[in-house]
Amino acid sequence: MEATKPSMKLCGTKLKQTTLLWLEGFIEACCLHRVVILCLRSRKLLIRTGQCFLLNGFIFLGSIFVLNSVVIPMLQWILPDQCSHINSQLPCSFDGILKFYSILRRGVVQLFYIFWFYPMYVFSIILSNIWYNDIAKFGFAAMGRSGPSRVEPTSPSETSTIQNTVHAERLAGLGGVMVGIGEQVYSVLLLSFFFLEVFATGFIPYVGKVLNFLLLSWMYAYYCFEYKWNFSEVALDKRLYYFESNWAFFAGFGSPCVFAIFFFSPLVSYGVMAILFPLFVLSATGSRAEQEISFQNTKWRAAGLGRLPIFYAADTLSLLALSLLPLESRAQMQENKAH
């Protein structure tokens with residue numbers, strides 16, 4: 001019994017540190033006052049953020065509201081599917097006509113989706129992704145930052161790992177361009193497989209929703225910080241190591257994003273996320289996450305949460321996909337990953 005006390009105490013300390021880091025991440029994400037400060041500093045940022053709100057909030061979500069609140073009730077009045085809507089005093093003798101009205105009404109609603117919502121959805125994704133990059137760039141400039149940013153190591157082993165990437169950052173000329181392209185290709189593969197992993201967990205019975213929420217939180221947190229790390233010229237392996245070593249903080253940072261969309265229909269969820277995502281990107285851009293995490297890790301060094309291989313499955317699938325490439329391309333990609 002006495003022998004189990006130290007391990008129970010250590011588990012309690014780890015749980016406390018995990019909770020504190022999760023709360024730190026959650027609070028960092030909710031510091032949306034930074035958005036106001038940055039928009040006041042940069043007119044370009046204010047305009048681009050306003051355009052994002054106009055497209056995704058007023059036009060996209062507004063269209064869904066109009067459809068559900070005006071168009072569908074009007075169609076139900078013009079093309080009723082119940083006798084009570086026609087004449088409640090007489091026995092119903094219009095079953096065939098009412099079924100036809102129901103099919104016709106559903107067909108009209110589907111036409112709205114085919115010719116308006118789905119094209120608008122694709123258009124919004126393309127344009128919003130361009131705008132997100134602009135928003136992050138203008139926000140980064142408004143912070144007065146330029147050049148590479150240092151990611152604080154959280155342990156001696158992390159310091160050793162980070163040192164292995166220094167020579168990759170110093171590459172220049174054509175070799176540096178090729179390494180950058182290879183890194184971007186690998187990053188796209190990795191995040192694409194991670195997205196499929198997030199999607200698949202939603203179908204797991206009982207624990208699927210919980211896992212889906214957790215993975216979504218990490219995914220949105222990584223996306224929010226990726227813009228900042230791109231402009232800071234942080235190497236991909238350094239990002240992944242830092243992210244996986246501070247998994248509790250980033251789970252907390254991504255949670256408000258997921259809370260905002262988890263209980264809506266897919267189209268409404270997209271519209272809400274398209275409005276909120278640039279705010280969280282700016283919150284990540286203006287955050288001092290490295291200092292917050294470093295402080296907590298120093299304070300709770302004895303707990304040693306350790307690195308959680310969040311991207312293990314996505315990394316394995318990415319390497320498997322790369323193995324299908326020609327030998328020279330595969331060698332180049334693996335070299336980029338090793339850097």
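Owing to the predicted nature of the structure, the values given are computational and were not obtained by experimental measurement.
- Closest non-hydrogen pair, Leu322 versus Tyr186, comes out as CD1-CD1, 3.9 Å.
- No donor-acceptor pair under 3.5 Å is formed between the side chain of Glu24 and the backbone N or O of Phe249.
- With rounding to the nearest 0.5 Å, the separation of CG in Leu23 from OG1 in Thr18 is 11.0 Å.
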Expected list for residues 201-221: side-chain donor-acceptor pairs under 3.5 angstrom, two or more places apart:
from   : atom 1 : to     : atom 2 : distance (Å)
Thr201 : OG1    : Val198 : O      : 2.6
Thr201 : OG1    : Asn212 : ND2    : 3.4
Asn212 : ND2    : Val198 : O      : 2.7
Ser217 : OG     : Phe213 : O      : 2.8
Trp218 : NE1    : Trp247 : O      : 2.9

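- Of all heavy-atom pairs between Ser128 and Leu55, the closest is OG-CD2, 4.3 Å.
- Atom-to-atom distance recorded for Thr285:OG1 and Phe138:CZ is 13.0 Å, nearest 0.5 angstrom.
- The hydrophobic cluster containing Ile78 does not contain Ile103, counting ILVMFWY residues as joined when their side-chain heavy atoms lie under 4.5 angstrom apart, directly or transitively.
- Of all the heavy atoms in Ala251 and Ser255, the pair that sits closest is O-OG, 2.7 Å.
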Residue pair Phe195, Leu190: steps toward the side-chain contact (heavy atoms from CB on, under 4.5 Å) verdict = CA-CA 9 Å; Phe195 176 78; Leu190 183 77; over 6 Å; no

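- Counted within 6.0 Å of OH on Tyr121, heavy atoms from surrounding residues, nucleotides or ligands total 12 or fewer; the atom is thus considered open.
- Residues Phe123 and Ile114 are members of separate hydrophobic clusters, defined by side-chain heavy-atom contacts under 4.5 angstrom among Ile, Leu, Val, Met, Phe, Trp and Tyr.
- Taking the side chain to side chain donor-acceptor pair (under 3.5 Å) definition, one finds that Gln51 meets it with Arg48, sequence neighbours left out.
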Yes or no on salt bridge (charged side-chain N to carboxylate O under 4.0 Å, His left out) for Arg34 and Glu28, after CA distance, side-chain angles and deciding distance?
-> CA-CA 10 Å; Arg34 294 173 183 152; Glu28 278 291 310; 3.1 Å; yes

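- Residues meeting the salt bridge (charged side-chain N to carboxylate O under 4.0 Å, His left out) test with Glu197, sequence neighbours left out: none.
- Remark: Ser63 engages Trp116 in a side chain to side chain donor-acceptor pair (under 3.5 Å) (not counting sequence neighbours).
- Contact detail for Ala142 and Leu38: the closest heavy-atom pair is CB-CD2, 3.8 Å.
- Considering all non-hydrogen atoms of both residues, Ile135 and Cys52 come closest at CD1-CB, 4.4 Å.
- Between the Ser287 side chain and the Ala284 main chain, a donor and an acceptor come within less than 3.5 Å of each other.
- There is a path of hydrophobic side-chain contacts, each under 4.5 Å, that joins Leu79 to Met74.
- Distance check: Leu189 CG to Leu319 CG gives 9.5 Å after rounding to the nearest 0.5 Å.
- A distance-only check finds a donor-acceptor pair linking the side chain of Thr49 to the backbone of Leu45 [under 3.5 Å].
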Which is it for Tyr223 and Tyr132 under the ring-ring contact (aromatic ring centres under 6.0 Å, His included) test, yes or no, and what are the steps along the way?
-> CA-CA 11 Å; Tyr223 282 147; Tyr132 294 156; over 10 Å; no

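- In this structure a side-chain-to-backbone donor-acceptor pair under 3.5 Å is present from Ser323 to Leu320.
- Counting only heavy atoms from C-beta outward, the side chains of Tyr118 and Phe112 never approach each other to under 4.5 Å.
- At least one side-chain heavy atom of Leu191 sits under 4.5 Å from a side-chain heavy atom of Glu226.
- Distance OG/Ser42 to CZ/Phe140: 13.5 Å, rounded to 0.5 Å.
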Test side-chain contact (heavy atoms from CB on, under 4.5 Å) on Val66 and Val71 and set out the steps.
-> CA-CA 6 Å; Val66 169; Val71 176; 4.3 Å; yes

Could you give the side-chain donor-acceptor pairs of residues 257-280 under 3.5 Å, partners two or more places apart or in another chain?
from   : atom 1 : to     : atom 2 : distance (Å)
Ser269 : OG     : Ile261 : O      : 2.8
Ser269 : OG     : Phe264 : O      : 3.2
Ser269 : OG     : Ser265 : O      : 2.9
Tyr270 : OH     : Ser124 : O      : 3.4
Tyr270 : OH     : Ser124 : OG     : 2.7
Tyr270 : OH     : Ile125 : N      : 3.2

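- Separating the CG atom in Leu240 from the OG atom in Ser245 is a distance of 10.5 Å, to the nearest 0.5 Å.
- Here the closest heavy-atom approach between residue Val188 and residue Ser192 is recorded as O-OG, 2.7 Å.
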Decide side-chain contact (heavy atoms from CB on, under 4.5 Å) for Ile126 and Val122; before the verdict, give the C-alpha distance in whole Å, the side-chain angles of both, and the deciding distance to 0.1 Å.
-> CA-CA 6 Å; Ile126 295 171; Val122 174; 4.0 Å; yes

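- Between Tyr227 and Leu282, the closest side-chain pair of non-hydrogen atoms is not below 4.5 Å.
- In this structure, Trp131 has no ring pair (Phe, Tyr, Trp, His ring centres under 6.0 Å) partners at least two apart in sequence or on a different chain.
- Put simply, Val70 and Leu111 are part of two different groups of oily side chains (I, L, V, M, F, W, Y) that touch within less than 4.5 Å, one to the next.
- By the 4.5 Å heavy-atom criterion applied to side chains, Arg239 and Asn230 are counted as neighbours.
- Contact of the Leu15 side chain with the Cys11 side chain is not registered, since no non-hydrogen atoms from C-beta on lie closer than 4.5 Å.
- Taken together through direct or relayed side-chain contacts under 4.5 Å among Ile, Leu, Val, Met, Phe, Trp and Tyr, Phe194 and Tyr312 form parts of separate hydrophobic clusters.
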Go through the steps to decide whether Phe225 and Phe250 satisfy the test side-chain contact (heavy atoms from CB on, under 4.5 Å), and finish with yes or no.
-> CA-CA 9 Å; Phe225 277 89; Phe250 289 109; 3.7 Å; yes

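- Between Leu308 and Glu244, every side-chain heavy-atom pair lies at or beyond the 4.5 Å cut-off.
- The closest side-chain heavy-atom distance from Leu67 to Tyr113 is below 4.5 Å.
- Within the model, atoms CG of Asn56 and CG of Leu61 stand 7.5 Å from one another, a figure rounded to the nearest 0.5 Å.
- Contact of the Tyr222 side chain with the Phe311 side chain is registered, since non-hydrogen atoms from C-beta on lie closer than 4.5 Å.
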